[in-house]
Amino acid sequence: MRKALVLGAGGFIGSHLVKRLKSEGFWVRGVDLKYPEFSETHADDFVIGDLRDQYLTKSVIDTKFDEIYQLAADMGGAGYVFTGQFDADIMHNSAQINLNVLDYAYKRNNKRIFYSSSACIYPAYNQTDPNNPKCSEDSAYPAEPDSEYGWEKLFSERLYLSYMRNYGMEVRIARFHNIFGPEGTWFGGKEKAPAALCRKVATTENGGEIEIWGDGMQTRSFLYIDECLEGSTRLMRSNNFGPVNIGSEEMVTINQLAEMIMKIADKNVSLKHIPGPLGVRGRNSDNHLIEKMLNWKPSQPLEDGLKVTYNWILDEVKRINFK
Ligand code: NAD
């Protein structure tokens, strides 16, 4: 039986990935500081543990796996990453996880390892025009990520690539662009724009008002979780190492995103623009490389994934009587 290891299996993408690998017939071990928050894990073996700890890391990479996915990171949405308040933790925790995981994977002769980098590595100077951001893979240097989160991801990409060059590791690096879907964090400070806006619309009366950080003219693209997993497993099993964008090319402003959610909710609320942490002015995935490498690229319309996500958040709001 094929065996997979998912690090960060209690998180949003990791918990969905475990389900997908199980449906493909893998035996799966998951590792995280916590169990998935919104449903039972599907992993055969789930280890609660801290990957900053070398001994724990060594103990969970104690056998040969066909596929290792390293998704564990100290991360969150703009309210977590762009305030500056958590920079030391973000850099220290995620770098230490990657240093440990990669080294023990190498020492246990587990060559194939997937690393989830981020669109946040792209230089701020290429993302000042909301209508024309540049995020092709070859534009990463000269580096100027706009957050310490992005700098850590860039450092770790280089770490993985150096283990590939020096030790023959078969690394696979994806740069994810804003992944969203059901069973993701939707309140508490680490949620991202689609979940935060779904929550705000779901908890506001028709005719009411919701707050948007900034003028709402900043642009982004959002990729539904199923397509993220499709791209990730395809990359993992291909002969390409990346780094390659896994994201949607359907760019919208945050105001447009809010309007799409209102339409799904069949509500009309007004938008109150307030100061808040923003990140770059414009960002979009560039999918030329993934299409060339994998003969595949994401294609699902944003609205389809938003419908599923909004309805899941609406159910959650009712279930816990969230105010
Ligand atoms: P998430 O926060 O839901 O999942 C990350 C998981 O890592 C969490 O469950 C957390 O508990 C776990 N973790 C953190 N520190 C740990 C430690 N010391 N030991 C063990 N586990 C630890 O985030 P996600 O959205 O599922 O993202 C998964 C990966 O993809 C992350 O590396 C993230 O940086 C990357 N990524 C995500 C997005 C996105 O839009 N979701 C975009 C770009 C990159």
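Ligands are counted one by one from 1 in listed order, and the atoms in each one are counted from 1 as well. Start at 1 with the first residue, then count along the sequence. What you are looking at is a predicted structure, and each value in this text was computed from that prediction instead of being measured.
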* **Contact atoms of ligand 1, heavy-atom distance to Ile97 under 4.0 Å** => 15 (N), 16 (C), 17 (C), 18 (N)

* So is Ala119 close enough to ligand 1, meaning a heavy atom under 4.0 angstrom away? -> no

* Is it the side chain (CB and beyond), the backbone, both or neither of Lys34 that lies under 4.0 Å from ligand 1, heavy atoms counted? -> side chain

* To do: Determine, for Glu170 against Arg165, whether the closest basic-nitrogen to carboxylate-oxygen distance falls under 4.0 angstrom.
  => no

* Contact atoms of ligand 1, heavy-atom distance to Asn178 under 4.0 Å -> 40 (O)

* Using a strict 4.0 Å cut-off to heavy atoms of Leu51, name the atoms of ligand 1 that fall inside it. => 17 (C), 18 (N), 19 (N), 20 (C)

* **Arg175 bridged to Glu157 by N-O distance under 4.0 Å** => yes

* So do the side chains of Thr219 and Arg283 get within less than 4.5 Å of each other, counting heavy atoms only? -> no

* Nearest candidate to atom 5 (C) of ligand 1, where distance is taken over non-hydrogen atoms, out of Ala73, Gly181, Ala9, Ala174 -> Ala73

* Structure fact -> Ranked by distance from atom 23 (O) of ligand 1, the top protein heavy atom is Met75 SD, 3.4 Å

* To do: State whether Tyr55 and Lys58 meet the cation-pi test: NZ (Lys) or CZ (Arg) under 6.0 Å from the six-membered ring centroid, and within 45° of the perpendicular axis.
  => no

* Structure fact -> Short version for His177: what comes under 4.0 Å of ligand 1, heavy atoms counted, is neither

* Between Pro194 and Ile261, what is the shortest heavy-atom contact and its length? -> O-CD1, 3.9 Å

* Got a salt bridge between Lys19 and Glu183, using NZ or NE/NH1/NH2 to carboxylate O under 4.0 Å? -> yes

* Structure fact -> Short version for Lys192: what comes under 4.0 Å of ligand 1, heavy atoms counted, is side chain

* **ligand 1 versus Ser117: contacting region, heavy-atom distance under 4.0 Å** => backbone

* Asked: Does ligand 1 have an atom that lies less than 4.0 angstrom from a heavy atom of Lys153?
  -> yes

* To do: Any atoms of ligand 1 less than 4.0 Å from a non-hydrogen atom of Gly10? List them with their elements.
  => 9 (O)

* Can you find a non-hydrogen atom of Asp32 under 4.0 Å from ligand 1? -> yes

* Answer with yes or no whether Gly49 contacts ligand 1, where contact means a heavy atom under 4.0 Å from a ligand atom. => yes

* Under the criterion ring pair (Phe, Tyr, Trp, His ring centres under 6.0 Å), which of Tyr69, Tyr160, Phe241 is the partner of Phe114? -> Tyr69

* Asked: Any heavy atom of Phe180 sitting closer than 4.0 Å to ligand 1?
  -> no

* Asked: Is the NZ or CZ atom of Lys190 both under 6.0 Å from the centre of the six-membered ring of Tyr80 and within 45° of that ring's axis?
  -> yes

* **Cys135 side chain reached by Gln127 side chain, heavy atoms, under 4.5 Å** => yes

